[in-house]
Protein chains: 2
Amino acid sequence: MSSNVKRLNEYWTDIYFHMHYPHKEKISHQVIRILQLVEKKEEVGVNEVATYLQISHNTASEHVKRMVEKNLLFKERDLLDERRVLLHLTQPGKDVLHRNTSLDEGKLEQVMNQLADEERAVVEQAFKLLSEQAKTCL
Amino acid sequence: MSSNVKRLNEYWTDIYFHMHYPHKEKISHQVIRILQLVEKKEEVGVNEVATYLQISHNTASEHVKRMVEKNLLFKERDLLDERRVLLHLTQPGKDVLHRNTSLDEGKLEQVMNQLADEERAVVEQAFKLLSEQAKTCL
DNA sequence: ATAATTATATCGTAACATACGATATAATAA
DNA sequence: TTATTATATCGTATGTTACGATATAATTAT
């Protein structure tokens, strides 16, 4: 049973290795993780960043500051609690995140076109299923 | 048609966001990329690293040196051409790579167990199909 | 043999990136 | 009014990333 899981992970990493975008930009791992967090979660502030990355809040604050300077994020004040900051991706932030975590759309389209209609449907269904179930994880 | 591809990517990033391992180690993006390259490709030397990351060969050489010092990689001389170095993952290197690119096996197993037998089969088949096709990318 | 090429390695240097403790500010809650 | 919470900033330290220049050693071409 857990061998199935290992096999799935091998497929998973193979897919990413062969279909990711080329590595162009010099970008740090922490920056990518913060972009992921801000994209996927509602209401992310500096404290959520610190908790998620297991770093101190002042370091998180500095990450955010640099990312704002680089125009990857922008800040908004929470109107209900003006101590809080709400983070959002800028368009360049979305682009950087996409190039560093998604599959290359050109390659993916090419690969999907090589499949039979039936197989394409299987892939769509599987990804949908898994992403829905994934959201139930703690 | 390309909207399907965008949807697949949304599923893809959702799956990773919800099922990756917690971010423990302070590790750079370049280090992860090198670990991925060495794991997935045969006969990787310093030059392949430089080309893959689009950095100069001396920088690549220094990355490799530091990664050997940290016991993430080890070197072997190519017996057929003793100028060349062949890189391999150490066990700690495999572990670091796994924690930073694979899905959390505990979460994955839990999620797979929530699915019906039929659905599980769909997921397995889809990942297998896609990983096989992915290898045909340039 | 000698020269050219190829694959790495090392040195010097520079610019960032990363992180934390200490401290400060401002908003909210007790 | 005081305590708490959410950020921000300063000083400091270490690590990372990168490149040009240069060096070494193995292989290939002439």
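Convention: sequence-line order gives letters A, B, ...; per-chain numbering from 1.
Rounded to an integer number of Å, the gap from CD of A/E69 to C1' of D/dA8 is 13 Å. A straight line from CG of B/L86 to C1' of C/dA7 spans 12 Å, rounded to a whole angstrom. Rounded to a whole Å, the CD atom of B/E76 is 16 Å from the C1' atom of C/dA7. Rounded to whole Å, the distance from CE on A/M67 to C1' on D/dA8 is 17 Å. Computed from coordinates, the B/H29 NE2 to C/dT18 P distance equals 12 Å when rounded to whole Å. One can place CG of A/L80 at 10 Å from P of C/dA29, the figure rounded to the nearest angstrom. Nucleotide D/dA8 holds its P atom 12 Å from the CG atom of A/L73, rounded to whole Å. The separation between A/D81 atom CG and C/dT25 atom P is 20 Å, rounded to whole Å.
Regarding contacts with the backbone of C/dA7, every side-chain N or O of B/K75 stays at 4.0 angstrom or more from both OP1 and OP2. OP1 and OP2 of D/dG15 both lie 4.0 Å or more from every side-chain N or O belonging to B/K70. Side-chain N/O atoms of A/K26 include none lying less than 4.0 angstrom from OP1 or OP2 on C/dC16. For the OP1/OP2 pair of C/dA19 and a distance below 4.0 Å, the side-chain nitrogens and oxygens of A/Q54 include no atom meeting the criterion. Using a 4.0 Å cut-off, some side-chain N or O of A/H63 falls inside it from OP1 or OP2 of C/dA19. Of the side-chain N and O atoms in A/R84, one or more sit less than 4.0 angstrom from OP1 or OP2 of D/dT7. Checking the phosphate oxygens (OP1, OP2) of C/dA9, no side-chain nitrogen or oxygen of B/N58 falls inside 4.0 Å. Taking side-chain N and O atoms only, B/S28 has no distance below 4.0 Å to OP1 or OP2 of D/dT16. Remark: A/S61 is in phosphate contact with D/dA8, judged by side-chain N or O atoms under 4.0 Å from OP1 or OP2.
Nearest-nucleotide mapping onto DNA chain C: of B/H57 and B/E62, the residue sitting toward the 5' end is B/H57.
Around NZ of B/K75, the count of heavy atoms belonging to other residues, nucleotides or ligands within 6.0 Å exceeds 12.
A/E25 and A/R99 are joined by a salt bridge, as a carboxylate oxygen and a charged side-chain nitrogen come within less than 4.0 angstrom of each other. A salt bridge links B/R120 with B/D117: the distance from a Lys NZ or Arg NE/NH1/NH2 to an Asp or Glu carboxylate oxygen falls below 4.0 Å.
Listed candidates were D/dA18, C/dA19, C/dA9. Nearest to the side chain of A/I55 is C/dA19. Distance from the side chain of A/V85 is smallest for D/dA8 among the nucleotides C/dT10, D/dA8, D/dT17. Out of D/dA18, C/dT18, C/dC20, the shortest distance to the side chain of A/T59 is found at C/dC20. Nearest nucleotide to the A/R66 side chain, out of C/dA27, C/dT10, C/dT18: C/dT18.
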- Message: Could you walk me through whether B/L86 and B/R77 satisfy the side chain to side chain contact (heavy atoms under 4.5 Å, CB included) test, starting with their C-alpha distance in whole Å, then the side-chain angles of each, then the deciding distance to 0.1 Å, before giving a yes or no?
- Response: CA-CA 6 Å; B/L86 300 180; B/R77 281 280 160 188; over 6 Å; no

- Please step through side chain to side chain contact (heavy atoms under 4.5 Å, CB included) for the pair B/L89 and B/L72, ending with a clear verdict. CA-CA 6 Å; B/L89 300 184; B/L72 298 173; over 6 Å; no

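Think of A/L80 as one node in a network of Ile, Leu, Val, Met, Phe, Trp and Tyr side chains linked at under 4.5 Å; it has no links at all.
Under the 3.5 Å distance criterion, with hydrogens and angles disregarded, no donor-acceptor pair is assigned to the side chains of A/E62 and A/N58.
Looking at B/L35 and B/M67, their side chains come closer than 4.5 Å, going by heavy atoms from C-beta outward. Between A/Y16 and B/Y16 the shortest side-chain heavy-atom distance does not fall below 4.5 Å.
Heavy atoms of B/Q30 sit under 4.0 angstrom from primed sugar atoms or phosphate atoms, though from no base atom.
Contact of A/R83 with D/dT5 (side chain to base): a donor-acceptor pair of N or O atoms is detected under 3.5 Å.
Stems are defined here as 3 or more consecutive Watson-Crick or G-U wobble pairs with pairing distances under 3.5 Å; those involving DNA chain D are C:1-30 with D:1-30.
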